[in-house]
Amino acid sequence: MECYFDNSATTKPVEAAVSAVALAMTENYGNPSSLHIKGDQAKKLLDDSRRIIANSLSCNPNEIFFTSGGTESNNIAIMGTALAFKRRGNRIVTTSIEHPSVSETMNRLEEQGFEIVRLPVDKYGVVREQDLFSAVTKDTILVSMMLVNNEVGSIQPISAVRRAVKRVGSPAQIHCDAVQAYGKIAIRPMDLGVDLISVSSHKVHGPKGQGALYVKKGTKLTPYILGGGQEENVRSGTHAMPTIAGFAAAVNECNSLSADYEYVQSLKDYLLSRLSCLPNLRVNSYVEALPHILSISLVGIPSEVLRNYLSSEGICVSTGSACSKGHRSKVLTSMDLPIPVIDSAIRISFSRFNTKMETEYLADKIIEADGLLRKSK
């Protein structure tokens with residue numbers, strides 16, 4: 001039995017997305033910048049797609065800009081703000097648990113002389129509001145904080161950022177990496193109080209290589225990807241219409257977020273109830289985290305060993321402990337978890353297409369692995 005529980009890494013495209021990609025490649029293949037019938041057809045597809053993404057974020061279509069994915073959206077938001085506001089201050093506030101597309105961009109800006117403040121998190125992987133309020137000063141030009149963490153599902157206090165900025169009269173723009181939250185919970189820029197939001201197609205059952213950046217009207221960004229001026233100069237380059245169409249088609253099917261949320265929560269609860277018999281089980285995701293992402297440890301069994309065993313049984317999960325070059329997970333380390341827990345962590349990530357039968361099989365194999373792998377040590 002093959003079971004895919006690595007949906008935070010990527011998702012299987014829905015049939016509607018695959019069909020939309022194929023149609024845009026074989027029939028509606030024009031360049032939307034071209035002034036002829038094929039260009040007009042492509043321009044209509046582009047406008048329709050932008051409207052779908054805008055509706056999903058409860059914003060205006062002219063506030064949505066297409067990019068190549070979450071990584072580029074994050075880079076454009078952060079670098080564009082830094083370039084636009086560098087004369088007004090050099091302090092940027094972020095967190096210690098951001099995705100590499102944010103943290104590595106911050107490292108580059110730090111090398112260029114910007115002051116980067118990285119907020120710590122508590123044992124649940126959540127930024128403390130008091131730390132946020134202490135960090136934001138009047139010369140802060142940007143606050144970049146993810147909405148949902150990609151390893152443990154912790155939900156960050158995004159709405160508190162606007163209050164922190166207003167309290168000190170800071171000119172800071174607020175960026176939110178919502179890649180892991182998009183398509184799972186309702187995201188409304190006005191409610192969050194943010195200026196910039198990054199989302200990605202392949203996390204919501206669309207094609208890879210496509211994303212979008214919400215830019216609130218009036219937000220200042222200096223373009224650093226230069227070219228033909230597409231996307232109002234926010235992101236130049238010929239529109240990738242097949243992936244844009246596929247992205248919109250996938251988002252168009254995300255129309256029952258609350259029901260999907262409750263369903264995924266039931267799968268997570270069922271799995272944990274089945275695994276509660278394991279004495280060495282440690283649940284690293286806190287109870288109020290997004291249910292789609294679950295980090296657990298079978299303490300004493302290395303992450304890679306458990307992952308490989310499950311893979312041999314047809315189950316796809318990811319490791320949440322060790323990453324490249326021998327470094328431990330910065331997220332779990334920031335949560336101050338014990339090293340044995342970090343080194344045993346795996347990430348299980350659900351989607352609305354997982355079934356209870358698959359979840360039961362996953363539970364059976366984890367319990368089986370706990371017995372077999374401990375005996376072999």
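Between Asp6 and Arg307, no side-chain nitrogen of the basic residue sits less than 4.0 Å from a carboxylate oxygen of the acidic one, so the salt-bridge criterion is not met. Between Glu231 and Arg50, at least one side-chain N (NZ, or NE/NH1/NH2) sits under 4.0 Å from a carboxylate O, which counts as a salt bridge. For Arg118 and Glu110, the salt-bridge test passes: some basic side-chain N is under 4.0 Å from an acidic carboxylate O. Using a 4.0 Å cut-off between a side-chain N of Lys or Arg and a carboxylate O of Asp or Glu, Asp343 and Arg328 qualify as a salt bridge.
With 3.5 Å as the limit, one finds a donor-acceptor pair spanning the side chains of Asp269 and Gln265. Using modelled atom types and a 3.5 Å distance limit, the side chains of Ser198 and Tyr214 yield no donor-acceptor pair. Between His202 and Thr10, the side chains place a donor N or O and an acceptor N or O closer than 3.5 Å (distance only, hydrogens not considered). Side chains of Asn150 and Ser8: no donor on one and acceptor on the other come within 3.5 Å. Checking Ser349 against Asn7 by side-chain atom types alone, no donor-acceptor pair falls below 3.5 Å. Between the side chains of His99 and Asn149, no donor-acceptor pair is found at a separation under 3.5 Å. In this structure, a donor-acceptor pair under 3.5 Å is present between the side chains of Gln210 and Thr243.
For the pair Lys184 and Tyr261, the cation-pi criterion (under 6.0 Å, within 45° of the ring axis) is not fulfilled.
The aromatic ring centroids of Phe353 and His205 lie less than 6.0 Å from each other.
Residue Lys12 places its NZ atom among 12 or fewer non-hydrogen atoms of other residues, nucleotides or ligands, all under 6.0 Å distant.
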